[in-house]
Number of protein chains: 2
Amino acid sequence: MISDVPETLPPDLPHPARDELELTQVLFALSDPVRLAVVREIASGPLEMVNCAALRPDAPKSTRSHVAKVLREAGVVTSAPAGRCRLLSLRRDDLEARFPGLLDAVLGPRPSPIDDGAPTES
Amino acid sequence: MISDVPETLPPDLPHPARDELELTQVLFALSDPVRLAVVREIASGPLEMVNCAALRPDAPKSTRSHVAKVLREAGVVTSAPAGRCRLLSLRRDDLEARFPGLLDAVLGPRPSPIDDGAPTES
DNA sequence: TAGATCGTTCGATTATTTTCGAACCGATCG
DNA sequence: CGATCGGTTCGAAAATAATCGAACGATCTA
């Protein structure tokens, strides 16, 4: 027997394919300080939205969701369901394939493992 | 003798200094197709606004001027008076110093002198 | 000097984005 | 099951950006 597909099937969010990424959309997504901060934060690895400091935890949920949406629709991040949360990941490979060097340039100089920015003891 | 500065001294337009360039502003300036096309066009050398095809010559002057203004205020281009015209130049050095690699990434692969994009004869 | 050219600025209108509450949904936990 | 948690969606309202005509200024040219 063929089980009916439930009317309310899990509508996972739409992500543009690699070859659909538009440079101007990507640049626009990165042109906002909050969104750029999110990208910087997940540059070191995927992160659940709920644990993302750049998405101000005190801000209204709908605002946080909107930030993620712009990044997702531009193809900058993927947003995957993970338990109750959503896991944000940077689409490094897709961005690099489509716009080589762009992400590195936007993320800026890689923080050296030797200098973490903390004050050194004299 | 000290010549009086005329009341109506040539009010040359304000340009941000190199160290005042903001990444988000630059990205925003580049995130519009028309503005990006202007940048691509002057990438090969300075160009008078009047001769810039990306600034649709048929569009109202005030719209054309506004496009140039956003690019100028973001620090992407300089706009220098040149006779009756204004000469737009890409601020390559400043952008490279401040955001290394960004411009190259945005401009994309340099068109090879061998392959100019024209269809090859079979 | 007068006219034409190129571009800026201002103000008004329109279009696009952002923000946020409310309603809702699935997953988890008691 | 019922409550809570994390997040989306849908309006509507506010903020921001784009568009364009009109007025102006400076430069060149006749």
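Just so you know, these numbers use all the heavy atoms, side chains as well, and skip hydrogens, waters and symmetry mates. Order of the sequence lines fixes the chain letters, A, B, ..., with proteins taken first and strands second; residue numbering starts at 1 for each chain. The structure displayed is predicted, hence computed values, not measured ones.
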Visitor: Do the side chain of B:Glu96 and the main chain of B:Gly101 share a donor and acceptor less than 3.5 angstrom apart?
Guide: yes

Visitor: Do B:Thr24 and A:Asp32 have side chains that approach each other closer than 4.5 Å (heavy atoms only, starting at C-beta)?
Guide: no

Visitor: Can you tell me if the side-chain N/O atoms of B:Arg35 get under 4.0 Å from OP1 or OP2 in D:dA18?
Guide: yes

Visitor: Quick one: are B:Arg92 and B:Leu107 in side-chain contact, heavy atoms under 4.5 Å?
Guide: yes

Visitor: Does the side chain of B:Leu102 come within less than 4.5 Å of B:Leu95's, by heavy atoms?
Guide: no

Visitor: Counting C-beta onward and ignoring hydrogens, is there a side-chain heavy-atom pair between B:Asp94 and B:Leu21 closer than 4.5 Å?
Guide: yes

Visitor: Does the side chain of B:Val70 reach to within under 4.5 Å of the side chain of B:Val76, using non-hydrogen atoms?
Guide: no

Visitor: Go through residues 61-75 of chain B and report each residue with a non-hydrogen atom lying under 4.0 Å from DNA chain C, sorted by number.
Guide: B:Lys61, B:Ser62, B:Arg64, B:Ser65

Visitor: Whole angstrom is fine here: how far is it from CZ in B:Arg84 over to C1' in D:dC28?
Guide: 4 Å

Visitor: Among B:Arg35, B:Met49, B:Arg72, B:Arg56, which residue satisfies the side-chain contact (heavy atoms from CB on, under 4.5 Å) criterion with B:Val67?
Guide: B:Arg35

Visitor: Expressed as a whole number of angstroms, how long is the span from A:Phe28:CZ to D:dA18:C1'?
Guide: 13 Å

Visitor: Taking A:Arg18 for the side chain and A:Arg98 for the main chain, is one N or O donor matched with an acceptor at less than 3.5 Å?
Guide: no

Visitor: The side chain of A:Arg86 lies closest to which of these nucleotides: C:dG7, D:dA18, D:dG7?
Guide: D:dG7

Visitor: Tell me the interatomic distance from B:Leu13, atom CG, to C:dC6, atom C1', rounded to whole angstroms.
Guide: 13 Å

Visitor: Quick one, which residues of residues 44-53 of chain B touch DNA chain C with a heavy atom under 4.0 Å?
Guide: B:Met49, B:Val50

Visitor: Rounded to whole Å, how long is the line connecting atom CG of A:Leu55 with atom P of D:dG6?
Guide: 13 Å

Visitor: Report the distance from atom CG of A:Asp12 to atom C1' of C:dG26, rounded to the nearest whole Å.
Guide: 12 Å

